[in-house]
Amino acid sequence: MAGGSLGDNIGLKEDAIKRVCGLACKANNHKSTDKLYFYDKVQISSETYHVFSFPGSWDPAEWFVNKPFGVSKINSTQFPSLRSIGNDELAWVNEGFAKRFDRLLETNFEDVVKKAILDGKQVVFTGHSSGAAMATQTTFWVLEKYFNPTKIQKPKLPFCVTFGSPLIGNHIFSHASKRENWSRYFVHFVLRYDIVPRILLAPLASIEENFGSVLQFLNPKSKTSTQDPTRAILISEVYKTVMRNAASVTSHAACILMGSTNLLLETVANFVELSPYRPFGTYVFCNGNGQLIVVENSDAVLQLLFHTALLSDLAELEEVADKSISQHLNYVAELQESLGMQNVVYLEQLEQLPLSADGSNSDVATALDGLGLNTRARLCLRAAGELEKQKRKNEDKIMKEIQDKALTSMKELQNYKTTCEMHKGKGYYDAFKVQKESNDFQANVKRLVLAGVWDEVIEMLKRYELPDEFEGDKEWIKRGTEYRRLVEPLDIANYYRHLKNEDTGPYMIRARPKRYRYTQRWLEHAKRMPPAPITESTFWAEVEELYSWINSKKPLDDHVEQRVKQLQKDLKNWTDDEKVLAKDTFLKDPNFIRWKDILPQELKDTSS
């Protein structure tokens, strides 16, 4: 388990966290109702901080835009990294929070943020309640705009520090933030019974009747009396509903963590509306006894959001429900005390957690007891740790496959390519397509071996069975790119050799394997390039299709002419960079020569 102060471990000093918390809660108490952000340049322990704080909204329509959970696909222009790269799956985000963020960008906010970022001092985005959702989106937006890998100058990365934040999106937020190495810059403080971090685990329909009233109880500026006789009833009803839905979500997630293959699990998920919202980043749970428990595993955080607020007895409902409101309004006082005590526990090796209160005085045992975690809760945390461990083992397994099988096959295919170009006087694409000699057959065997290895990688990625960082790892991007550039032309040659295009259709539309689509997306994302319809590994498919079109005497419409011109332009660009494509790969190839020969003179690009 990690030791040391919270500030040293997360990279933001305790005094700064206290000050930021005060500013976050102050934004919610501000008399102005139309300001979308506040900016303060503050001096803390001789260091300068640019702090942007965001007020929350107490309008139910800005929490749930639509039923059942108010989510929509994220704006991929604003947040291109918030997706699963290979699966090409965009994140889902709370639509009400997203619309509020869009309104923020219509103000002078961008100019103020840019000036603060370029100043080189520490920038912190913060918010309390739904203001935290604004801080989170803003931080992602700034990271996309100023800190992606293509930027030469990289200022100090900003922090996002939230207090009592609702969940704002699905599992892709956690997946993408870890892949981009941004996760550690999001720090979320949660008091044990605060209802807001759990509230979006319930569908709107289940709490709609009382939701507006509860938001007013949570609003620090509200004049709603604590003596209102209906208050306790309303809060208790909403708390009970939220926890019932949280139980369904976390039980389903726990079954997946534990590897359940029961078909009933999938059947239930098809009939019961389960919230898509999931936590991400670093969570700091405040147990009310001055102890801070730090958790980075998002699967474990989801379980803790339920189990730490679980009632041990129904008789506690009214008292705990009241705490779920009062604690949400009490972050400043709680953190002043907890941060001063420096009693911090880091839950890291989750798979080794004790399953019961064993009387131990260790910090971890005390933390688990202080959070009121029963044996089932601890089993769920262990399962979250085991899953993370298993993902690492899966990566080690495929790395071994690469070393035992793929490296040798890649080397032999590279030798095959060189032999064809140097001794046969033609490219390896044509040699493989004709399949006249024994080494052509051996090349096909190696192609199939490599396909098996990489198909296994892709299947694991589809099921999220590899570490979240995998698709952002430079070494895996390099391996995938080298594999795609060397081997995909052989897949294309095999496809057109067997005339599969006549039955199935063009390779690029009907037959391109996911192992090439995924590895292409890795490179495009790493270099922040737009998706390319034709690449240095697929141009042979375009040559085949254009040859077939022109040779069949079909009319050369504007679209076909544009494809021909674009291909010649791309080939020139790729061969200008010898690391991408060597001229010998295609200049001697009969397939390429016959295509150039039948091109109308006006379409032949002599410069390329």
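Positions are given from 1, in the same order as the sequence printed here.
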Checklist outcome for this item: Contacts of Glu545 meeting salt bridge (Lys or Arg N to Asp or Glu O under 4.0 Å) (sequence neighbours excluded), chain-then-number -> none
Next on the checklist: Before we go on, tell me: are the rings of Phe173 and Phe140 under 6.0 Å apart, centre to centre?
Outcome noted: yes
Next on the checklist: Go through it in stages, so that I can follow the logic: the residues are Asn87 and Tyr518, the test is side chain to side chain donor-acceptor pair (under 3.5 Å), and I'd like the CA-CA distance, side-chain angles, deciding distance and then a yes or no.
Outcome noted: CA-CA 7 Å; Asn87 294 328; Tyr518 276 53; 2.4 Å; yes
Next on the checklist: Counting only heavy atoms not in Arg103 (residues, nucleotides, ligands), do more than 12 fall under 6.0 Å from its CZ?
Outcome noted: yes
Item to check | Carboxylate-amine/guanidinium proximity below 4.0 Å for Glu110 and Lys145 | outcome: yes
Checklist entry - salt bridge (Lys or Arg N to Asp or Glu O under 4.0 Å) with Arg479: which residues, sequence neighbours excluded? => result none
Checklist entry - Can a donor-acceptor pair be found between the side chains of Thr538 and Thr535 at a distance below 3.5 Å? => result yes
Item to check | Any residue meeting side chain to side chain donor-acceptor pair (under 3.5 Å) with Glu536, in chain and number order, not counting sequence neighbours | outcome: Arg484, Arg485
Item to check | SB check Lys391 Glu388 (cutoff 4.0 Å) | outcome: no
Next on the checklist: Closer than 4.0 angstrom, basic N to acidic O: yes or no for Glu95 and Lys99?
Outcome noted: yes
Checklist entry - For the residue pair Phe539 and Trp574, does the interplanar ring angle fall in the parallel (under 30°), tilted (30 to 60°) or perpendicular (over 60°) class? => result tilted
Item to check | Residues His525 and Glu180: side-chain donor-acceptor under 3.5 angstrom | outcome: yes
Item to check | Sequence-distant partners of Tyr496, ring pair (Phe, Tyr, Trp, His ring centres under 6.0 Å), two or more places apart | outcome: none
Next on the checklist: Test of understanding: with salt bridge (Lys or Arg N to Asp or Glu O under 4.0 Å), list the residues that count as partners of Lys514, not counting sequence neighbours.
Outcome noted: none
Item to check | Carboxylate-amine/guanidinium proximity below 4.0 Å for Asp491 and Arg515 | outcome: yes
Next on the checklist: Does anything in residues 66-79 form a salt bridge (charged side-chain N to carboxylate O under 4.0 Å, His left out)? List the pairs, not counting sequence neighbours.
Outcome noted: Lys67-Glu208
Checklist entry - Can you name the residues that form a side-chain contact (heavy atoms from CB on, under 4.5 Å) with Thr408, not counting sequence neighbours? => result Glu412
Checklist entry - Can you list the residues that meet the salt bridge (Lys or Arg N to Asp or Glu O under 4.0 Å) rule with Glu482, with sequence neighbours excluded? => result none
Next on the checklist: Just to verify, what does Gln562 make a side-chain contact (heavy atoms from CB on, under 4.5 Å) with, not counting sequence neighbours?
Outcome noted: Gln566
Next on the checklist: How close do His328 and Ser129 get, counting heavy atoms only, and between which atoms?
Outcome noted: NE2-OG, 3.0 Å
Would you mind writing out the side-chain donor-acceptor pairs for residues 75-82 within the sub-3.5 Å range, not counting sequence neighbours?
from	atom 1	to	atom 2	distance (Å)
Asn75	OD1	Thr77	N	2.9
Asn75	OD1	Gln78	N	3.2
Gln78	NE2	Asp102	OD1	3.1
Ser81	OG	Glu144	OE1	3.0
Ser81	OG	Glu144	OE2	3.4
Ser81	OG	Arg528	NH2	3.4

Item to check | For Asn501, side chain to side chain donor-acceptor pair (under 3.5 Å) partners two or more places apart | outcome: none
Next on the checklist: Can a side-chain donor-acceptor contact be found between Thr308 and Arg198 if the only test is distance below 3.5 angstrom?
Outcome noted: yes
Item to check | Side-chain ion pair, Glu62 and Arg100, N-O less than 4.0 Å | outcome: yes
Item to check | Carboxylate-amine/guanidinium contact Glu469 Arg392, below 4.0 Å | outcome: yes
Checklist entry - Can you name the ring pair (Phe, Tyr, Trp, His ring centres under 6.0 Å) partners of His188, sequence neighbours left out? => result Phe280, Tyr283
Item to check | No-hydrogen, no-angle side-chain donor-acceptor test under 3.5 Å, Trp540 and Glu488 | outcome: no
